[in-house]
Amino acid sequence: MAGQTVIIRDIRQRTLAKQLVDAAPPGAVVNVREATRNNDQNARMWAMLSDVSRSKPDGLTYTTDVWKTLFMHACGYEVQFMNGLVDGMPFPAGFKTSRLTVRQMADLITFIQAWGDERGVNWSEPNPYEFEGKA
């Protein structure tokens, strides 16, 4: 049996997942996990990081990659800084938002939004919750 992926949205997919487990041969591996962040979330995060970088809040001039690392660290995600090979200057490494769940990514985006709002960042994309009456 080839690998199977099922996204559980309603009873139909849940039933299919149970059938696949029942039909699985001995030694098969099942991995049930929350969905990871989606492309829309990723695009929004990078747009926000660019906005923060352009705004230079508190006089800070970092690349979007460094801002991403700083925000992930502020939200409690493990990040790592490595020393460069030539100049010994530290650079961020070993972190990926692709490993975050949809909920974790939403929390990260919310943190970036709140942090930037407090510092007057001019957002290129409107806050989606403003249109839903939630802001």
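Throughout, numbering of the chain's residues begins at 1 and tracks the sequence. Any value given below was found using the heavy atoms of this structure, including those in side chains, with hydrogens, waters and symmetry copies removed. Just so it is clear, the structure is predicted and the values come from calculations on it, not from any experiment.
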**Q** Rounded to the nearest 0.5 Å, how far apart are CD of Gln19 and CD of Gln4?
**A** 11.5 Å

**Q** Please round to the nearest 0.5 Å and tell me the distance separating atom OG of Ser124 and atom CZ of Arg44.
**A** 8.5 Å

**Q** Return yes when atom CZ of Arg14 has more than 12 non-hydrogen atoms of other residues, nucleotides or ligands closer than 6.0 Å, and no otherwise.
**A** no

**Q** How many angstroms lie between atom OG1 of Thr110 and atom CG of Asp117, to the nearest 0.5 angstrom?
**A** 10.5 Å

**Q** Please tell me if the side chains of Trp46 and Asp51 come closer than 4.5 Å, counting only heavy atoms from C-beta onward.
**A** no

**Q** Quick one: pull up CG in Leu16 and NZ in Lys18 and give me the separation to the nearest 0.5 Å.
**A** 11.5 Å

**Q** Taking atom CZ of Arg54 as the centre, does the number of heavy atoms from other residues, nucleotides or ligands within less than 6.0 Å exceed 12?
**A** yes

**Q** Please output the side-chain donor-acceptor pairs of residues 61-76 that fall under 3.5 Å, not counting sequence neighbours, one pair per line with the distance.
**A**
residue	atom	partner	partner atom	Å
Thr63	OG1	Val66	N	3.2
Trp67	NE1	Tyr62	O	3.3
Thr69	OG1	Asp65	O	3.0

**Q** Can you tell me how far CZ of Arg37 sits from NZ of Lys96, rounded to the nearest 0.5 angstrom?
**A** 10.0 Å

**Q** Apply side chain to side chain contact (heavy atoms under 4.5 Å, CB included) to the pair Ile109 and Met105, showing each step before the final yes or no.
**A** CA-CA 6 Å; Ile109 288 170; Met105 189 68 163; 4.2 Å; yes

**Q** Run the side chain to side chain contact (heavy atoms under 4.5 Å, CB included) test on Trp123 and Val52 for me, step by step, so that the C-alpha distance in whole Å, both residues' side-chain angles and the decisive distance to 0.1 Å come before the verdict.
**A** CA-CA 8 Å; Trp123 302 112; Val52 170; 3.9 Å; yes

**Q** Over all heavy atoms of both residues, which pair between Leu49 and Ile112 is shortest? Give the atoms and the distance, please.
**A** CD2-CD1, 4.1 Å

**Q** Verify the neighbour count for atom CG of Asp87: are there more than 12 heavy atoms of other residues, nucleotides or ligands below 6.0 Å?
**A** yes

**Q** Going by side-chain contact (heavy atoms from CB on, under 4.5 Å), Gln13 matches just one of Thr15, Ile11, Asp10. Which one?
**A** Asp10

**Q** If you look at every heavy atom in Gln104 and Leu100, which pair is closest and at what distance?
**A** OE1-CA, 3.3 Å

**Q** Rounded to the nearest 0.5 Å, how far does OG of Ser50 lie from CE of Met45?
**A** 9.5 Å

